[in-house]
Structure formats: C-alpha cells, structure tokens
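The block underneath contains the structure these notes are about, expressed in structure tokens.
We're numbering straight along the sequence, starting at 1.
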Amino acid sequence: MNQFKKGLVSTLLAGTLLAGCGAEGEATDTKAVDLNGLTTEEIQTKAIEEGEIQSVGMPDTWANWGETWTEIEEDYQITQADTDMSSAEEIALFEAEKDNATKDIGDVGQSFGPIAEEKGVTIPYKTSYWDEIPEWAKDDDGDWVVGYTGTISFITNTNAVNDAPTSFADILEGDYKVTVGDVNAATQAQNAVLAAAIANGGDETNLDPGIAFFAELASQGRLDMGDTDLARLEAGEIEVGIFWDFNALNYADSVEASNPNAAFDVTIPQDGTVQSGYATIINAYAPNPHAAALTREYILSDEGQINLAKGYARPIRESVELPAEVQAKLIDPDQYDAAQPIEDTIAWDEAAASLGQKWQEEVLTKVK
C-alpha cells in the first residue's frame, strides 16, 4: 500500500459549519469537518472506514482517471463510481443536494474553483504536497487545488480533412465543420474561446476576438453544435474539434486502437492558445469527506501525477519524474511555444461568468 507523508499543515478552521448527512440520507445538524487539522494517516484511516467515494466529472477516459480509481480501490479498498458532467453542473449539483448529498468530489476547470468556494460548496484540504503547488494553482486554504494542466489543441479527422489545421488562421481558411462544445457550461469550450482570442490579439481581459472568430464560423455554417465526446469521434461525426490536448490525444489513441481505419492529427495552435488547469473540489456536504481528501492526496502523489500524464495531462508538480514511455506519449514541447497561461485570473473569472450570454447573443444567433 502506498504510504503518504504526514500532513504539513494543521490549519484549524474554527467556526466553519458544514452540513452533514445522517443515516439513510437524512440531513442532520451541521458539523465542522476539519480536514486540514488531520494528518494524512488519520485521513487514510477514516477514508478506509468510509469505504467508498462518489465522484463527478472524473470519468475513466478523462486524463486516465480510470487507473487512479483502480489503484485507490486496490490500495485502500475504497469503491468508486462517477457521474460525468460539466464544471457548472458539478457545482450546481453540490448546491442542490446539500440536504441529501450523494457526491464527494469533483474535477472542475480552474475558473470554476473560486465559484465553488464562493457558493460555499467546498471543504478546504491542502494535502501534504501543498508547498509544491504553484500559488496560481490553489486557493489559500485548499478549497480548490489544480492537479494537472492542459492546452487547447485541434484534433483533426484526417479521413475527412486533408490538411490538418495548425493555427486558428488555418481554420478560417478551411471548409470543414468545427466542434467546440457547450460554451455555457464546459470549461474546455470556454477556454477554446479564450484560445481563439489570444491567437487573434486578445486575452482574458478581451475575449471579443475569440467571439468574432466563432461568429464568423457560425455565419459560414461551419460551427458544429454537437457534443465533444468520444462517441462522436468514433462515429466520424467530428471533422475538427477544439479540445484540451490530453483529451484529444487520449481520444485519438482510443479510436485508432479499436478502428485501424481511423486516423487523427493532434496539433497545438501555432498562432496562440491557452494553457490552464483543472482543480479538485471536495463537496462541503460530502457523505465521505475523508475518502475525498485521500483521493486528492493520491492525485497529487507521484503515482497520481504519473497516472495523469499517462492520460496525456501535464502534472502540476514539476518535481515528478515521468517514466520515458510516459513522456513519449505527450506532444513535442516545441509545439507549445505560443501557449500562454492565464495571467489575470480575476479578469478571466469575470469574463467566464458572462461568456455564456455573449456566446448566445453574438455567436449562436448566427448559426446556419
């Protein structure tokens, strides 16, 4: 069994009242859950007693979560089940179920971390790896912690598109349809808009160039409104998709492994793109809060970070040494020269909050 280091922090969150669930799902009096006041050994013991964890937005095929869940079950006899949903849906579910909670932990886009904290649906937990997490990638108390990063990329079905785009400018010159997903709710889709903005002279404080890019695609009848999921790639329904690089690489390998006639190219936009993170949030009303804390601890361990890299994501802890065969699964670092992280997180949080309305008014009204 993997053993974790003792917790480095013992921050007491006195006065914080969190709702708990009683037997048979009935709400009980609120009670403080002080995860930061426990050692990792104490969390591990309590997590094993809980014996299960219910996650949201952490399906097996996303960033290799499947291997992490398997190892947690093998090492700690903790069973797991996931319900896949978008970042916005995860937070809404935590809030809606607070008097009868069924879920413990979720994985949300970085911009949704502060939203979850503001809504009061998170339990802080820093983990023993706290000092190795960059300041931009965590909340002060551990209400949300980034575990891995991704970069917005293009995945091209080369059976349907002759010349795979390597820039947003290439896409505008093409004649194929482009799939981006639900900008109202999905972090990946929102970051696709930001990436297009960056490539066209904007940034997180000015998304207008990105909105204009997709409005032009919509007016050309080239904006595919379908989901960005594996099933549609397998069915050949997506010609060019704008995905996180870890999703694009994973999906491409999955489809090609089951269908030798399938062929995809995954490229990083060379005229600009965005690199961002995904963060775990522990439900303030979790029926299994210690199992959720143990899961975050495992995700940030060497084993957990390598698992994420096996799923093509880039670990947040730079000190983790990836095996050569895992490093070889990732895109050549030279392709990332034009990728940039979000510099003004406050501006991006504000922009992301209003992006759905702008998308509806300025893009969807032009769809043909």
Side-chain angles (χ1 to χ4, degrees), residues 1-5 40 43-44 47-48 50-85 90 103-109 127-129 132-133 145-151 153 155 188 229-231 233-234 243-258 266 277-282 288 290-331:
M1 178 181 292
N2 296 314
Q3 297 296 324
F4 292 125
K5 300 180 294 183
T40 51
I43 285 174
Q44 177 179 309
I48 292 173
E50 290 168 349
E52 67 174 298
I53 184 166
Q54 297 288 327
S55 64
V56 287
M58 304 173 78
D60 289 357
T61 57
W62 180 291
N64 194 36
W65 283 130
E67 189 165 358
T68 288
W69 294 129
T70 296
E71 291 176 357
I72 287 174
E73 182 168 356
E74 290 176 349
D75 289 351
Y76 305 106
Q77 296 75 55
I78 294 174
T79 60
Q80 177 269 343
D82 184 78
T83 303
D84 194 14
M85 56 184 65
E90 293 176 41
K103 309 304 180 186
D104 301 302
I105 191 171
D107 186 47
V108 299
T127 89
S128 63
Y129 302 98
E132 294 186 53
I133 309 300
V145 182
V146 170
Y148 60 101
T149 63
T151 299
S153 68
I155 179 169
Q188 177 176 263
D229 57 26
L230 180 59
L233 279 170
E234 289 174 329
F243 292 8
W244 290 119
D245 51 356
F246 57 85
N247 278 337
L249 290 166
N250 186 17
Y251 289 173
D253 277 0
S254 295
V255 177
E256 290 173 352
S258 60
V266 179
Y278 271 76
T280 51
I281 54 172
I282 299 174
N288 306 294
H290 303 94
L294 180 64
T295 294
R296 177 181 283 176
E297 188 78 22
Y298 193 89
I299 288 168
L300 294 173
S301 71
D302 286 8
E303 296 90 343
Q305 293 281 278
I306 290 171
N307 282 347
L308 289 166
K310 288 179 181 178
Y312 311 97
R314 293 187 178 271
I316 195 64
R317 288 180 52 224
E318 295 183 356
S319 63
V320 176
E321 184 174 348
L322 299 179
E325 66 273 15
V326 176
Q327 186 68 54
K329 292 163 68 76
L330 306 179
I331 295 174

Any donor-acceptor pair under 3.5 Å from D82 side chain to M58 backbone: yes
Under the 3.5 angstrom rule, does the side chain of T83 hit a backbone N or O of V56 as a donor-acceptor pair? no
Minimum-distance pair of heavy atoms, taken over all atoms of G277 and V146: CA-CG1, 3.9 Å
Using 30° and 60° as the class limits, which term best fits the ring planes of Y148 and Y278: parallel, tilted or perpendicular? parallel
Locate the shortest heavy-atom distance separating A313 from L330; write the atom from each residue and the value. O-CD2, 4.4 Å
Flag for K103-S55: side-chain donor and acceptor within less than 3.5 Å: no
Please report the C-alpha distance between V266 and I331 in whole Å, then the side-chain angles of each, then the deciding distance to 0.1 Å, and finally whether the side chain to side chain contact (heavy atoms under 4.5 Å, CB included) criterion is met. CA-CA 8 Å; V266 179; I331 295 174; 3.9 Å; yes
In terms of heavy-atom contacts, I282 and A292 come closest through CG2-CB, 3.7 Å
Tell me yes or no: between the side chains of E234 and S258, is some donor less than 3.5 Å from an acceptor? no
Got more than 12 heavy atoms from elsewhere within 6.0 Å of CD, E325? yes
Just do the side chain to side chain contact (heavy atoms under 4.5 Å, CB included) check on Q305 and L308 with the steps written out, would you? CA-CA 5 Å; Q305 293 281 278; L308 289 166; 3.7 Å; yes
When you check the side-chain N and O atoms of Q54 and N288, is any donor under 3.5 Å from an acceptor? no
Would one find more than 12 heavy atoms of other residues, nucleotides or ligands at under 6.0 Å from atom CD of E256? yes
For T295 and T280: C-alpha separation, side-chain torsions, deciding distance, then whether side chain to side chain contact (heavy atoms under 4.5 Å, CB included) applies. CA-CA 9 Å; T295 294; T280 51; over 6 Å; no
Where S319 and E132 come nearest, the two heavy atoms and their spacing: OG-OE1, 2.5 Å
Contacts of type salt bridge (Lys or Arg N to Asp or Glu O under 4.0 Å), residue D253, not counting sequence neighbours: none
Just how far is it from atom CG of D104 to atom NE2 of H290, taken to the nearest 0.5 Å? 11.5 Å
Does any N or O in the side chain of R317 come within less than 3.5 Å of the main-chain N or O of L300, such that one atom is a donor and the other an acceptor? yes
Contacts of E67 meeting salt bridge (Lys or Arg N to Asp or Glu O under 4.0 Å) (sequence neighbours excluded), chain-then-number -> K310
Answer whether the closest heavy-atom distance between the side chains of L322 and P315 falls below 4.5 Å. yes
Please determine whether side chain to side chain contact (heavy atoms under 4.5 Å, CB included) holds for the pair L294 and I78, giving the CA-CA distance in whole Å, both sets of side-chain angles, and the decisive distance to 0.1 Å. CA-CA 10 Å; L294 180 64; I78 294 174; 3.7 Å; yes
Please check if any side-chain donor atom of Y298 sits under 3.5 Å from a side-chain acceptor atom of E303, or the reverse. no
Are any non-hydrogen side-chain atoms of I306 and P323 less than 4.5 angstrom apart? yes
Are D107 and W65 side-chain neighbours, meaning at least one heavy-atom pair lies under 4.5 Å? yes
Is W62 close to W244 at the side-chain level, that is, under 4.5 Å between some pair of heavy atoms? yes
Heavy-atom check, side chain of Y76 versus side chain of I53, under 4.5 Å: no
Between V255 and L230, is there a side-chain heavy-atom distance shorter than 4.5 Å? yes
Would you say the side-chain atoms of R314 and T149 include a donor-acceptor pair closer than 3.5 Å? no
Work out which heavy atom in T61 is nearest to a heavy atom in Y251; give both atom names and the distance. O-CE2, 4.4 Å
Got a donor-acceptor contact below 3.5 angstrom from the E297 side chain to the T127 backbone? no
Do T70 and D60 come close enough that some side-chain heavy atom pair is under 4.5 Å? no
If I take atom OG from residue S153 and atom CG from residue N247, how far apart are they, to the nearest 0.5 angstrom? 8.5 Å
For N307, is there any backbone N or O sitting under 3.5 Å from a side-chain donor or acceptor partner on N64? yes
